[in-house]
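Residue numbers begin at 1 in each chain, while the letters A, B, ... track the order of the sequences.
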Amino acid sequence: AVSRRMADLMRLLDEAPQVMNSKDAEAKAAHAQKVFAALDRFSDKQISDTVDSLDQDPGDILLKYVYRGLEVASEKNASLFKWQAKLTEKFGVGSIIRVLTDRKTV
Amino acid sequence: CRSEASVRLERTMAQTYKPYLFCVRSTLNAALCLRNFPSQIVERHNKPEIEVRGSKELLLNPIVIARTEQEKCLIEGSVNSVRVSFAIKQADEIERILCHKFTRFLMQRSEQFVIMRRKPVEGYSISFLITHTHLEKMIKAKLVDFIIAFMEDINKEISAMRIALNSRARIVAEEFLKDFAA
């Protein structure tokens, strides 16, 4: 069984490509806020298991949102660093390079 | 008194510092995949594309990693060069002056540092420009280690300078005011 917050996060990540393909900055910002709210519901201890259950593509998209979140300083950044560390550990340097190079930004 | 409290504060801040540096390190490791790329605009020229910014297709998405409002890192990549800029934490007026003087000192000697930029990017305290030629001569892992260690040391130096300044000021004030006491 998948927990409620995990299902919500997966749904948001599945919807992300539509937002990424568009050029609407407001839609992207709104979707990003939803993703951050979904991430907030995970405690730091659950990050490891959550990342392990992700596949490559949702993992890449999540990493893009993590970097977007890190652009602005807030208290959540402490847990965002943990997300970034775990995602990089699982998916490797390539996922960061995909964040840098992908023209379809989050 | 204040200086001991500030030392304790710095020690606790150092613990939240490590994840930030780790994030910068892994991102820098990814961004530093460079190759030689002669200029597409001028024949026989080879320029760092991140500085020239002539062709948009050669530039990567810039990444900002913010630890606090003041402390952040900007990593701008391109096909043959990367620009890394750091904004150093400047808590009060004294630290701002110290940081400004210290970074100015370093930037005037940027040739010695090879990878340092003479002027920081707008909004940041210090910048590095790393090109593919640097990576051909130097080991990438050690270069990343150097930058991270450099940023740690700058913070330690500025904190140490501020503490020394405050203690010296206190001693001087005490000696001076002794004449007026009793």
With a sphere of 6.0 Å drawn around [atom1] of [X], does it hold more than 12 non-hydrogen atoms of other residues, nucleotides or ligands?
| X | atom1 | value |
| --- | --- | --- |
| B:R118 | CZ | yes |
| B:I139 | CD1 | no |
| A:R4 | CZ | no |

hydrophobic_cluster_shared for [Y] and [X], side chain cutoff 4.5 Å:
| X | Y | result |
| --- | --- | --- |
| B:I158 | B:F113 | yes |
| B:Y124 | B:L98 | no |
| B:L21 | A:Y67 | yes |
| A:L87 | B:F22 | no |
| B:V114 | B:F105 | yes |

*Give the minimum heavy-atom separation between B:S26 and A:T88, together with the two atoms involved.*
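Looking at all heavy atoms of both residues, the shortest contact is CB-CG2, 4.4 Å.
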*Identify the residues of residues 30-66 of chain B whose heavy atoms come closer than 4.5 Å to a heavy atom of chain A, ordered by number, or report 'none'.*
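Expected list: B:A30, B:A31, B:C33, B:K56, B:E57, B:L59, B:L60, B:N61, B:I63, B:V64, B:I65, B:A66.
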Toward chain B, the part of [X] with a non-hydrogen atom under 4.5 Å:
| X | result |
| --- | --- |
| A:T101 | both |
| A:V72 | backbone |
| A:Q84 | side chain |
| A:A78 | neither |

